[in-house]
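All remarks here apply to the structure that follows.
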Amino acid sequence: DAKTTQPPSMDCAEGRAANLPCNHSTISGNEYVYWYRQIHSQGPQYIIHGLKNNETNEMASLIITEDRKSSTLILPHATLRDTAVYYCIVRVWSGYALNFGKGTSLLVTP
Amino acid sequence: DSGVTQTPKHLITATGQRVTLRCSPRSGDLSVYWYQQSLDQGLQFLIQYYNGEERAKGNILERFSAQQFPDLHSELNLSSLELGDSALYFCASSDGQGRDSGNTIYFGEGSWLTVV
């Protein structure tokens with residue numbers, strides 16, 4: 001699976017959009033981009049995934065660049081409960097486990 | 001609620017002992033994964049089972065073993081426990097049958113193991 005690069009930490013004001021970037025310049029054509037988050041010591045929570053088109057669900061939006069070498073997770077209106085470590089992972093559909101890196105620690109402040 | 005159930009939630013045991021952690025995957029999911037998360041390490045993949053067969057191995061110690069039963073629940077056995085085995089152990093599951101477009105993996109809430 002391709003490697004990803006994320007900033008170690010970010011801050012966001014409550015109510016504002018949180019834009020979390022991820023670089024995956026070695027992504028292959030059959031690899032999906034997944035985003036998970038982990039709120040302190042809880043189980044990782046699935047957020048969203050995509051192959052090449054932008055995706056949106058009730059939690060977030062995923063914007064994937066046309067060359068697929070980077071993506072951005074957007075939390076449109078961040079709340080204090082969105083404070084967590086966010087992981088960007090690339091993986092083939094029929095792939096095996098998710099390989100978690102260090103992720104981005106997002107702090108949402110009042 | 002992810003639908004993945006893990007028991008026990010907390011466990012304290014002594015060095016040298018053996019414990020078993022149990023996982024019930026989401027209904028219909030064939031794949032089960034085990035992960036370890038200790039304070040100084042990130043989420044480390046241990047092992048994956050698919051429909052009862054071992055499919056992939058990660059950083060699993062020889063003192064650890066797992067199995068998946070015909071009803072698809074899984075157990076992780078940890079033996080000759082050491083202080084360094086104290087960690088959160090997560091189970092996760094995925095469909096693996098093509099019904100989910102991304103073969104998404106869903107995690108349980110974990111089992112806290114403390115070795116004293």
Side-chain angles (χ1 to χ4, degrees), chain A residues 1-6 8-9 24 27-60 62 64 68 71 73 84-105, chain B residues 1-6 9-10 23 25-26 29-50 53-60 66 87-114:
Chain A
D1 293 336
K3 186 176 177 179
T4 63
T5 304
Q6 298 178 253
S9 64
H24 31 79
I27 193 170
S28 300
N30 63 345
E31 286 182 314
Y32 285 75
V33 179
Y34 291 83
W35 282 84
Y36 281 76
R37 73 180 182 185
Q38 186 176 25
I39 298 170
H40 181 63
S41 296
Q42 295 182 19
Q45 179 186 24
Y46 164 76
I47 301 173
I48 200 167
H49 74 274
L51 184 61
K52 50 185 176 182
N53 297 323
N54 298 337
E55 302 287 345
T56 295
N57 62 21
E58 64 279 3
M59 287 183 69
L62 173 60
I64 303 174
R68 304 210 321 125
S71 61
L73 178 74
V85 178
Y86 287 76
Y87 298 95
C88 168
I89 303 163
V90 293
R91 166 181 173 260
V92 296
W93 178 88
S94 59
Y96 299 92
L98 295 162
N99 292 315
F100 288 83
K102 296 189 186 304
T104 296
S105 180
Chain B
D1 181 5
S2 66
V4 179
T5 304
Q6 291 187 245
K9 286 187 170 35
H10 299 273
C23 171
R26 293 188 322 148
D29 282 358
L30 297 184
S31 267
V32 170
Y33 311 76
W34 287 97
Y35 284 79
Q36 178 193 55
Q37 187 173 36
S38 50
L39 280 176
D40 57 348
Q41 301 260 355
L43 280 153
Q44 299 286 321
F45 166 64
L46 296 179
I47 197 164
Q48 179 197 1
Y49 278 81
Y50 177 80
E53 300 289 326
E54 180 184 306
R55 190 174 191 200
K57 257 185 177 178
N59 302 319
I60 189 166
L88 249 180
Y89 291 85
F90 290 107
C91 173
S93 74
S94 67
D95 170 57
Q97 300 176 75
R99 298 176 303 182
D100 173 340
S101 68
N103 200 15
T104 304
I105 298 178
Y106 295 91
F107 286 77
E109 287 305 309
S111 293
W112 274 101
L113 173 65
T114 302

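Lettering follows sequence order; numbering is per chain, from 1.
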**Request:** Any chance you could lay out the ring pair (Phe, Tyr, Trp, His ring centres under 6.0 Å) test for B/Tyr35 and A/Phe100, step after step, and finish with the verdict?
**Result:** CA-CA 10 Å; B/Tyr35 284 79; A/Phe100 288 83; 5.8 Å; yes
**Prompt:** Between atom CZ of B/Phe90 and atom CD of A/Gln42, what is the distance when rounded to the nearest 0.5 Å?
**Reply:** 8.5 Å
**Message:** Heavy-atom cut-off 4.5 Å, strictly under: side chain, backbone, both or neither for B/Leu43 against chain A?
**Reply:** both
**Message:** Taking side chain as everything from C-beta outward and backbone as N, CA, C, O, which of these in A/Gln45 sits under 4.5 Å from a heavy atom of chain B? Side chain, backbone, both or neither.
**Reply:** neither
**Fill in**
So, the part of B/Gln37 with a heavy atom under 4.5 Å from chain A: the answer is side chain
**Asked** Is any side-chain heavy atom of B/Ile105 closer than 4.5 Å to a side-chain heavy atom of A/Tyr36?
**Response** yes
**Message:** Rounded at 0.5 Å granularity, tell me how far CZ in B/Phe45 sits from CG in A/Leu98.
**Reply:** 9.5 Å
**Asked** Is the backbone of B/Ser2 close enough, under 3.5 Å, to the side chain of A/Tyr46 for a donor and an acceptor to pair up by distance?
**Response** no
**Fill in**
Here the gap from A/Tyr32 atom OH to B/Thr104 atom OG1, rounded to the nearest 0.5 Å, amounts to 9.0 Å
